[in-house]
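Here the structure comes first, spelled out in structure tokens, and everything after it is commentary.
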Amino acid sequence: MPSFMKILTNQKRQRLLNEAPAGDGAVVYVMAREQRIHDNWALIRALEIAAERQVPVLVLFPLAPMISTSARHNEWMITSLREVSSALAVYDIPFCIEYGDWEQSIPGFVKRHDIGEVVFDFNPLQPVTEWVNRAAALLPVRASMVDARNIVPAWEAAPKAAFAAYTFRPRIHRLLPEYLTEFPPLKQPTVPYSEPVPPVDWEVLRAYRACDHAEPIPNSFVPGETAASAQLARFLANTLPEYHLTRNDPNEFGVSALSPYLRWGNISAQRVALAVRAVLGHPDAKEAFLEELIVRRELADNYCFYTTDQLSLASMPTWAQATLEKHRSDPRPYLYSYETLAAAATHDPLWNAAQQQMVEQGKMHGYLRMYWAKKILEWTTDPETAIAYAIQLNDHYELDGQDSNGVVGVMWSIAGLHDRAWPERPVFGKIRYMNYAGCKRKFDVKNFETRYANATPTSLFT
DNA sequence: ATCGGCTCGCGCAA
DNA sequence: TGCGCGAAGCCGAT
């Protein structure tokens with residue numbers, strides 16, 4: 001393509017959120033889920049609008065009080081945002097923080113800075129969707145969201161929640177040629193913002209959300225955009241070549257270890273996909289990884305985007321609701337409290353080791369996440385409790401927690417989402433069953449148990 | 001070691 | 001209306 005031709009963002013990545021007209025003032029990108037400055041379609045689109053209108057651009061991070069957090073998530077966010085802030089400064093783009101509920105803080109910011117248009121990044125998780133909709137409805141200027149998370153925008157990929165991966169996969173593959181494209185380079189705004197912007201007080205940010213600051217933070221991952229690119233490079237060089245052979249063995253370093261970075265938006269899945277496509281390697285390895293990176297990841301956002309009650313059994317397929325209802329009162333072989341589970345103190349050494357890996361390293365191996373969640377269904381009083389405990393543990397300890405992939409992973413394991421019926425048995429009904437014997441058939445269970453029985457296990461992710 | 005049966009319903013071909 | 005097939009299953013038979 002000749003260099004004088006301007007590459008514009010595909011307009012289908014953007015969705016209007018209100019009917020107000022754009023004003024004359026600056027464009028603000030409301031950064032929330034995508035904590036990076038490169039390869040970010042929401043920022044790119046905000047810069048494009050500003051260039052067309054010859055107005056400045058600001059980036060706003062609106063921190064709401066009511067999401068619970070853990071020390072590890074709080075620190076990850078702060079480190080990511082410090083990097084965003086200094087990287088934006090190089091491009092002369094102001095970075096601002098607002099505290100409070102979005103329906104107050106965002107309209108307040110818009111009024112104070114005489115903003116002409118607002119661009120949100122897309123997040124289908126409840127309650128964030130509600131926050132965005134309410135804030136946008138109160139704004140006197142045009143507001144939109146840009147899907148900077150998925151390669152194929154969630155509203156373009158499918159018109160409804162997909163029944164399973166096989167109904168979603170062909171749609172994604174059909175649309176990839178249109179959307180899996182190179183990003184335009186990040187450019188300085190043509191008009192700088194001239195008003196003074198107060199510097200961020202990082203200690204105020206750290207203290208804003210309540211959490212146990214004494215809780216240990218895993219040192220197995222370095223947060224932020226630079227570290228994310230470094231991890232991608234390591235993955236491509238060391239792990240991708242045998243990905244298809246080693247990914248399901250929890251004893252191997254066979255995974256990308258990119259999920260925390262993808263969760264915080266420190267790296268774009270589109271950038272990862274372009275890099276994997278470009279590298280030489282075994283087609284099976286590349287195909288297996290791209291299936292997870294693209295189809296399975298975007299299926300999770302598809303479920304959340306089209307489902308209001310994301311953790312409710314009522315949102316599950318009919319067969320799954322019926323079978324869990326039928327087996328609701330089945331006696332459970334063991335019953336554990338949340339505290340016993342969190343302390344990795346069950347009778348099952350493999351389950352305890354998986355739980356321990358999550359607590360100490362902030363990331364449980366993907367294969368074990370299924371076994372882990374299914375055992376919570378088996379060892380708690382009812383499916384609702386199992387879902388609540390699994391989500392609470394996931395969202396507290398996993399560095400990639402509080403994300404659509406966690407929601408769908410838990411609902412797949414416990415409640416049959418995107419899965420099919422299997423032979424009926426106690427407690428599970430027709431939900432796919434997994435057990436210790438199956439794990440022994442597939443990998444060296446004793447080795448994994450030994451590794452995570454100690455207080456400070458060797459990290460598999462660094 | 002490998003294989004068939006278990007079980008449901010979507011989406012498409014006919 | 002019939003048919004193929006699906007994220008990682010388990011289990012018993014061969």
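Predicted model, so just to flag it, every value in this text is computed and none were measured. Naming: A, B, ... by sequence-line order, numbering from 1 per chain.
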Taking the P atom of each, how far is B:dT7 from C:dG12, in whole Å? 15 Å
Base-pair string, DNA chain C, Watson-Crick plus G-U, cut-off 3.5 Å on both distances, | for inter-strand, is ||||||..||||||
Quick one: is A:K430 getting a side-chain N or O under 4.0 Å of the B:dC6 phosphate, OP1 or OP2? no
Would you please name every residue forming a side chain to side chain contact (heavy atoms under 4.5 Å, CB included) with A:T346, sequence neighbours left out? A:Y336, A:L341, A:D348, A:W351, A:N352, A:W379
Between C:dA7 and B:dT2, how far apart are the P atoms? Round to whole Å, please. 23 Å
Which residues in residues 376-390 of chain A have a heavy atom closer than 4.0 Å to any atom of DNA chain B? none
Scan nucleotides 10-14 of chain C against the protein and return all N/O pairs shorter than 3.5 Å with their distances rounded to 0.1 Å.
from, atom 1, to, atom 2, distance (Å)
C:dC10, OP1, A:N435, OD1, 3.3
C:dC10, OP2, A:R441, NH1, 3.2
C:dC10, OP2, A:K442, NZ, 3.0
C:dC11, OP2, A:N435, ND2, 3.2

Those residues that, when tested against A:Q392, pass side chain to side chain contact (heavy atoms under 4.5 Å, CB included) (two or more places apart): A:Y338
State which residues pass side chain to side chain contact (heavy atoms under 4.5 Å, CB included) with A:S256; sequence neighbours excluded, sorted by chain then number. A:F235, A:L258, A:F289
Hey, can you pull the residues of residues 160-175 of chain A with a non-hydrogen atom under 4.0 angstrom from DNA chain B? A:K160, A:F163, A:Y166, A:T167
What residues form a side chain to side chain donor-acceptor pair (under 3.5 Å) with A:N302, not counting sequence neighbours? none
Do A:Q357 and A:F448 come close enough that some side-chain heavy atom pair is under 4.5 Å? yes
With sequence neighbours left out, write down each residue that passes salt bridge (Lys or Arg N to Asp or Glu O under 4.0 Å) with A:D395, or none if nothing qualifies. none
Check whether any side-chain nitrogen or oxygen of A:R420 sits under 4.0 Å from OP1 or OP2 of C:dG6, and answer yes or no. no
Apply salt bridge (Lys or Arg N to Asp or Glu O under 4.0 Å) to A:R206 and list each qualifying residue two or more places apart in sequence or on a separate chain. A:E75, A:E203
Residues within residues 313-324 of chain A bordering DNA chain B, heavy-atom distance below 4.0 Å: A:W319
Qualifying ring-ring contact (aromatic ring centres under 6.0 Å, His included) pairs with a residue from residues 421-443 of chain A, counting only residues at least two apart or across chains: A:F428-A:Y433
Can A:D403 and A:R33 be said to form a salt bridge (charged side-chain N to carboxylate O under 4.0 Å, His left out), step by step? CA-CA 10 Å; A:D403 187 37; A:R33 203 189 191 196; 3.8 Å; yes
Short N-O contact, A:R271 and A:E182, less than 4.0 angstrom: yes
